[in-house]
2 protein chains.
Amino acid sequence: MDEASFLAGYDPRDYPAVAVTVDVVALTIRDGRLCVLLVERGAQPFAGRRALPGGFARDEPLDAAAIRELSEETGLTPGEGHLERVHLEQLKTYGDPGRDPRMRVVSVAYLAFAPSLPEPTAGSDAARAYWVPVEEATDLAFDHDEVLADGLERARSKLEYTPSATAFVGTEFTIGELRQVYAAVWGEELHAGNFHRKVLSVPGFVESTGETTARGGERGGPKAKLYRAGDARLLHPALLRPTREDRVR
Amino acid sequence: MDEASFLAGYDPRDYPAVAVTVDVVALTIRDGRLCVLLVERGAQPFAGRRALPGGFARDEPLDAAAIRELSEETGLTPGEGHLERVHLEQLKTYGDPGRDPRMRVVSVAYLAFAPSLPEPTAGSDAARAYWVPVEEATDLAFDHDEVLADGLERARSKLEYTPSATAFVGTEFTIGELRQVYAAVWGEELHAGNFHRKVLSVPGFVESTGETTARGGERGGPKAKLYRAGDARLLHPALLRPTREDRVR
DNA sequence: CTAGGTTCACCTCAGATCGAGTAAGACTCA
DNA sequence: TGAGTCTTACTCGATCTGAGGTGAACCTAG
């Protein structure tokens, strides 16, 4: 960072060529299961293995690179209404020497929450991409198993104290749909009554539209009231996961 | 990430030379005030301005680069017992084009919590480094104002649900010292009685040494019991900041 | 040596919140 | 029509919270 010490101590061998890539952990919920977007690698290294979508950063902000990669891999383009509601945040940066066998690659990972998106359509990069339930997304290329694990933990934690869960559902949703998001991400059932009470008691989490669903649930039940996301950025009080003693130590 | 598409779409103009640096937001508490380690820049750009300590990543893990930079800037070396107790975690990566006027620089920022360290001694890089109360650390070089702000928010949040506060004090400490850490980082006084009750009620946060301080507080009071950090990695229940409505929206 | 102020370690109390359970009513499916 | 499902609302006891109080230990000023 300091030009003088940079020039004084500069040795090309100390600073081998570094490439910066952006990888995306894109999560969505399909059929009540938490799924991640994966691509099939066509070239070495790790040919045939699955990996997180990603690519080299160009002369653009890192966030923009993540959106671009997500757009290219899903075949969806910003401006068509699909990618607008995607929540995107930086996850972590991975830069161990040797994590890419070709060269020094520093990878900035992003975490994305998407409402249920259509299966990526054939054509361009997107043909190689598909949604996979997270528990089946193992044995990924590079250090992507670790990246995915970090992303899942971040997602589970985010749901506790931010309204990010609304990014997984449409603009209008029922409390039951929101509960299914929490159940899918946390991997455990939630008490419907308590969840209902807590969501409505958090100021700014959801606001009523005054409407209800056209019909009851698929397997019966009354018409549910519809809500949209409120203006809160943090949940007070938070919706805490059922305590798991093994997470604590 | 994919070699085929990499080679097919490769254009040197798309991928200008990228440098990867590591910057550190090192926090400590001196005289009850939260302080950050800054360096005085000697060269252009931003000559004479203050900046966060940092430098170019070498062929090493990013974490190791952060430790190395911190060691070089403070004059303390790992293995002498000073840097061992420093808590270090990755904060965020900053990569906007133009954030460094010389070239494309992607900077991985780290956050460090240190117990009260001696003032960096003269010699080598460390002569330019000193601790500054965070509220006086303004008008920094590059985008370091933003990095510092992100680091402070992360630190305040970390104290809520992890035992990181113990990284700011010695191996043995009193509940009162721990409370002063929270007060300094959060910038508000805490109810001593409630804080005492909550800290002791969180399993694994602190464990008693059975000892007490040799004498009472500086301005009187009984001898305080001594504690050391427990084995918890997360605090359940968490020590939440007093709710601030303006943080929520 | 004493008085006064400070600090630690408990304790109490009222209100909020939590998990768990119950129940009424609306609705779908067979 | 009957069985089962789902939303919404309520209750209850246990727990947690913030606010405040008490007493003993301790330092310092006078």
Side-chain angles (χ1 to χ4, degrees), chain A residues 32 160-161 169 172-184 186 188-203 205-227 234-245 248, chain B residues 32 159-161 169 172-183 186 188-203 205-227 234-245 248:
Chain A
E160 291 189 320
Y161 56 92
V169 292
E172 298 196 346
F173 50 88
T174 68
I175 303 292
E177 286 169 354
L178 201 60
R179 194 183 67 242
Q180 285 171 30
V181 171
Y182 277 86
W186 286 350
E188 37 195 328
E189 291 306 309
L190 291 138
H191 187 292
N194 290 341
F195 183 85
H196 195 269
R197 174 183 54 178
K198 284 166 78 169
V199 167
L200 294 184
S201 77
V202 177
F205 190 3
V206 297
E207 58 184 32
S208 174
T209 66
E211 310 280 308
T212 67
T213 51
R215 42 163 294 172
E218 293 188 15
R219 291 180 303 200
K223 296 172 182 170
K225 293 180 185 171
L226 283 171
Y227 297 84
L234 290 173
L235 303 184
H236 277 276
L239 277 79
L240 298 176
R241 279 177 275 186
T243 308
R244 288 268 263 266
E245 199 59 39
V248 174
Chain B
L159 258 55
E160 291 188 320
Y161 57 93
V169 294
E172 298 196 346
F173 50 87
T174 68
I175 302 292
E177 287 170 355
L178 201 59
R179 193 182 68 243
Q180 285 172 31
V181 170
Y182 276 87
W186 287 349
E188 35 195 330
E189 291 306 309
L190 286 108
H191 187 292
N194 291 340
F195 183 86
H196 192 96
R197 175 182 55 182
K198 285 167 78 169
V199 167
L200 293 184
S201 76
V202 177
F205 189 5
V206 298
E207 59 184 32
S208 176
T209 66
E211 309 280 308
T212 67
T213 51
R215 42 161 293 172
E218 293 189 14
R219 291 182 299 200
K223 295 170 181 170
K225 295 180 183 171
L226 283 171
Y227 297 84
L234 290 173
L235 303 184
H236 277 278
L239 276 79
L240 297 177
R241 278 177 275 188
T243 308
R244 287 269 265 263
E245 200 59 40
V248 174

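Reckoned from all heavy atoms, side chains included, excluding hydrogens, waters and symmetry mates. So that the names make sense, note that chain A is the first sequence line, chain B the second, and so on, each numbered from 1.
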List every contact pair, protein side and nucleotides 23-26 of chain C side both N or O, where the distance is under 3.5 Å.
from, atom 1, to, atom 2, distance (Å)
C:dA26, N3, A:Pro222, N, 3.4

Note to self: What is the separation between atom CZ on A:Phe195 and atom C1' on C:dG21, rounded to the nearest whole Å?
What the structure shows: 19 Å
Check: Which is it for A:Val199 and A:Tyr227 under the side-chain contact (heavy atoms from CB on, under 4.5 Å) test, yes or no, and what are the steps along the way?
Finding: CA-CA 11 Å; A:Val199 167; A:Tyr227 297 84; over 6 Å; no
Next item on the list: Output the distance between atom CZ (A:Arg197) and atom NE2 (A:His191), rounded to the nearest 0.5 Å.
Entry: 8.5 Å
Next item on the list: Using chain B heavy atoms and a threshold of under 4.0 Å, write down where along DNA chain D the contacts begin and end, 5' to 3'.
Entry: D:dT17 to D:dT28
Check: Does anything in residues 205-214 of chain A pair up under side chain to side chain donor-acceptor pair (under 3.5 Å), and if so which pairs, sequence neighbours excluded?
Finding: A:Glu207-A:Arg228
Next item on the list: Grab the CG-C1' distance between B:Leu178 and C:dT7 for me, whole Å please.
Entry: 16 Å
Notebook entry, point to check: Do you know the tightest heavy-atom contact between B:Glu188 and B:Pro242?
Noted result: OE1-CG, 3.8 Å
Item checked: A:Arg219 CZ - C:dT28 C1' separation (whole Å) -> 11 Å
Margin query: In this structure, how many angstroms lie between the C1' atom of C:dG21 and the CD atom of A:Glu189, rounded?
Written below: 17 Å
Check: When rounded to the nearest 0.5 angstrom, what distance separates CG in A:Leu239 from CH2 in A:Trp186?
Finding: 5.5 Å
Checklist line | B:His196 side, atom NE2; B:Lys225 side, atom NZ - distance, nearest 0.5 Å | finding: 6.5 Å
Short heteroatom pairs, N/O only, protein and nucleotides 10-17 of chain C, under 3.5 Å:
from, atom 1, to, atom 2, distance (Å)
C:dC10, OP1, B:Lys225, NZ, 2.9

Notebook entry, point to check: Stepwise, does the side-chain contact (heavy atoms from CB on, under 4.5 Å) test hold for A:Glu189 with A:Phe195?
Noted result: CA-CA 11 Å; A:Glu189 291 306 309; A:Phe195 183 85; over 6 Å; no
Next item on the list: Estimate the overall bend of the helix from C:dC1-D:dG30 to C:dA30-D:dT1 from the end axes over five pairs each, rounded to 10 degrees.
Entry: 20°
For a quick test of your reading: what N or O donor-acceptor pairs under 3.5 Å do the side chains of residues 176-184 of chain A make, sequence neighbours left out?
from, atom 1, to, atom 2, distance (Å)
A:Glu177, OE1, A:Thr174, N, 3.2
A:Tyr182, OH, A:Leu159, O, 2.9

